[in-house]
Amino acid sequence: MHPSALVGLLAFAAAASAVPTEPRQAHSSSSIDNLKSNVKNVVVLVMENRSVDNLLGGQTIHGLDNPINNGPFCNPYNVTDPSQGYHCTTAKDYDSVTDDPSHAVTGNTMEFFGQWTPDNAMIADGKLVPNNNGFIHEQIHNHGATANETVKAMLAKQVMNYYTEEQTPVMTSLVQNFLTFNHWHSDVAGPTDPNRFAVVAGTSAGHGSNDHTFGTYAFTQRSIFQQLGETNHTWLNYWDIAGGTGPEAHWFAWTKATNNTNKVVPMTQFHADAANGVLPEFSYLNPSCCGVGTTSMHDSGLISDGEAFIKQVYESLRASPQWEETLFVLTFDESGGFHDHVPPPLAIRPDNLTYTEKAPNGEEYTLEFNRLGGRIPTLLISPWVSKGYVEQKGTSHHGQTVSYSATSILRTLGYLWDFEPFNPRVESAASFDHLIRNSPRKDAPINLPTPQKFSSKMRK
Ligand SMILES: *[C@@H]1O[C@H](CO)[C@@H](O)[C@H](O)[C@H]1NC(C)=O
Ligand SMILES: *[C@@H]1O[C@H](CO)[C@@H](O)[C@H](O)[C@H]1NC(C)=O
Ligand SMILES: *[C@@H]1O[C@H](CO)[C@@H](O)[C@H](O)[C@H]1NC(C)=O
Ligand SMILES: *[C@@H]1O[C@H](CO)[C@@H](O)[C@H](O)[C@H]1NC(C)=O
Ligand SMILES: *[C@@H]1O[C@H](CO)[C@@H](O)[C@H](O)[C@H]1NC(C)=O
Ligand SMILES: *[C@@H]1O[C@H](CO)[C@@H](O)[C@H](O)[C@H]1NC(C)=O
């Protein structure tokens, strides 16, 4: 038997035992009715820059395709010169990566295709598929082109190695108690802001870098904030006043034109609103970024600071009078240049926009937004999801088996709050309405474990 067939069987066995609710079909009216009658508040928290194989690489739960279950996975130091050696995934021995892996669109092409300027026609035809082979090459190119072997080995570990269950006790508890997606990708094979934009608008509006337009009220695309505002649903964009990510609500012309700028409020209010049972229907949470002491899990910060933040958000929700009608979506913006072994699939273009930049080989590369970025950790946390369940691929409205992505959130919220998909990417996305059970669980932990601080000598 092919190893991947065995993984599939294991995943099926785990799934079969873990879903004590009748199976539903995504996009079906019974599934949508069930979602609408049980979920009243949605909380979305978008963390920073982690791949599945990085943050969840050491989770032993069945059905998660990661290094500890199915690896090790290896990358060469140099994609064109195998004689320079390889590094294979193994557990991390330090936290925090000061050498931020490349965030550019063409950094992504090197990481996923092993070349800076892959042939777009061949990609679109499915003749050129990602080999996920260039993560170390890119990291060395960026941070250690002239470095010695010791430094190169450290750079390789930075992008390839994974966190263990013991190093990430908060994530481990969430994976074991709630629902984790095995095939959830970032929407844009590029950096932070385009991906954050895609979470709330279903496109990056043709942007492929963290350019200065973000942070101004420049964008005219329809956002989830406008959609809910125009249909009298309540929302707030809670953000960590230390800054560093978003606030996404301030990126849209609509927010300013309609005097909704005051719907961006400090995170402290989130905890108070949860305690008082007055969270809006839609809460969008921005963590702080990016160094030690910030909360987003950005690579230059500490995983334990991010875990402390997630624990606070969870415990506030769990203690809230609104818990029994809450769905908490914990996700990331993109995979941050960290290795993941699952090739990102093609995807429907959201619009006709493209983005062009000059690659390190001197050639121009145009991203057509017809493929997804790397796999990112995403969990559904709620009394309405099954315990320790790993979801595999989803289903589009057209019945195709597809990977999930940020637009899956907009697709599902459209069912919950009666709105049409914003664009073709959202229209074709897998929804997750069918993962909501028909009775709430009473066994969700009140508290999560204390985050594990790595010893300082393990930091780099
Ligand atoms: C990670 O996040 C930072 C801050 O938002 C961003 O500048 C950078 O592009 C991201 N890194 C990657 C690899 O995308
Ligand atoms: C990879 O190897 C080739 C062939 O030896 C060399 O020309 C190139 O500079 C190397 N690239 C890096 C990033 O070390
Ligand atoms: C490798 O380079 C680093 C950084 O420049 C240096 O600290 C270290 O001593 C070097 N190691 C060897 C074995 O040359
Ligand atoms: C929203 O509320 C306003 C004021 O009560 C009302 O005029 C409007 O029709 C409502 N819109 C929708 C879509 O329900
Ligand atoms: C926004 O606020 C300004 C100043 O208070 C006011 O003049 C304007 O009419 C308001 N616009 C809307 C759409 O409510
Ligand atoms: C893209 O352009 C084509 C050709 O002009 C047009 O038919 C199509 O509707 C456009 N798609 C979107 C999403 O704007």
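One-based numbering, in listed order, for ligands and for the atoms of each. Sequence positions, counted from 1, serve as the residue numbers for this chain. Note that this is a predicted model, so its numbers are computed, not measured.
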> What atoms of ligand 2 come closer than 4.0 angstrom to any heavy atom of Thr80?
Replying inline: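 In order of number, 1 (C), 2 (O), 3 (C).
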
> Which atoms of ligand 2 sit under 4.0 Å from any heavy atom of Gln84?
Replying inline: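 Those qualifying, in numeric order: 1 (C), 2 (O).
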
side-chain hydrogen bond (donor to acceptor under 3.5 Å, both in side chains) partner of [X], the single match among [options]:
X: His341; options: Asp53, Asn132, Asn70, Asn75; answer: Asp53
X: Gln158; options: His143, Lys92, His339, Gln139; answer: Gln139
X: Thr106; options: Glu357, Gln115, Glu111; answer: Glu357

> What residue and atom, counting heavy atoms only, is the protein's closest point to atom 9 (O) of ligand 3, and at what distance?
Replying inline: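 Answer, as residue, atom name and distance: Asn148 ND2, 4.7 Å.
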
> To which protein heavy atom is atom 13 (C) of ligand 3 closest, and what is the distance rounded to 0.1 Å?
Replying inline: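 Atom 13 (C) of ligand 3 sits closest to the protein heavy atom Thr150 OG1, 3.8 Å.
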
> Would you say atom 2 (O) of ligand 4 has a protein heavy atom nearer than 4.0 Å?
Replying inline: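 So atom 2 (O) of ligand 4 has protein heavy-atom neighbours under 4.0 Å.
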
>> Can you check atom 11 (N) of ligand 2: any protein non-hydrogen atom closer than 4.0 Å?
In response: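 Answer yes: something from the protein, a heavy atom, is under 4.0 Å.
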
> Based purely on interatomic distance, does Asn78 place a nitrogen or oxygen under 3.5 Å from a nitrogen or oxygen of ligand 2?
Replying inline: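 Indeed, backbone or side chain, Asn78 has an N or O that close.
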
> So among Tyr217, Phe214, Tyr284, Phe225, which one has a ring pair (Phe, Tyr, Trp, His ring centres under 6.0 Å) with Trp251?
Replying inline: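 Exactly one option meets the ring pair (Phe, Tyr, Trp, His ring centres under 6.0 Å) with Trp251, and it is Phe214.
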
> Considering the options Phe338, Tyr77, Phe112, which one meets the ring pair (Phe, Tyr, Trp, His ring centres under 6.0 Å) requirement together with Phe135?
Replying inline: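 Among the candidates, only Phe112 passes.
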
> Between Asn232 and ligand 4, is there a nitrogen or oxygen pair with a distance under 3.5 Å?
Replying inline: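 Right, the criterion is met.
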
>> Parallel, tilted or perpendicular: which one describes the rings of Phe197 and Phe219, with boundaries at 30° and 60°?
In response: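 Geometry flag for Phe219 against Phe197: tilted rings.
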
> Is the His233 ring parallel, tilted or perpendicular to the Trp417 ring (thresholds 30°, 60°)?
Replying inline: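 The rings of His233 and Trp417 sit tilted, inter-plane angle from 30° to 60°.
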
>> Considering Asp81, Ile140, Val79 one by one, which has a heavy atom nearer to atom 4 (C) of ligand 2 than any of the others?
In response: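 Shortest heavy-atom distance from atom 4 (C) of ligand 2: Asp81.
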
> What atoms of ligand 4 come closer than 4.0 angstrom to any heavy atom of Glu230?
Replying inline: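 So the answer, numbered in order with elements, is 13 (C).
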
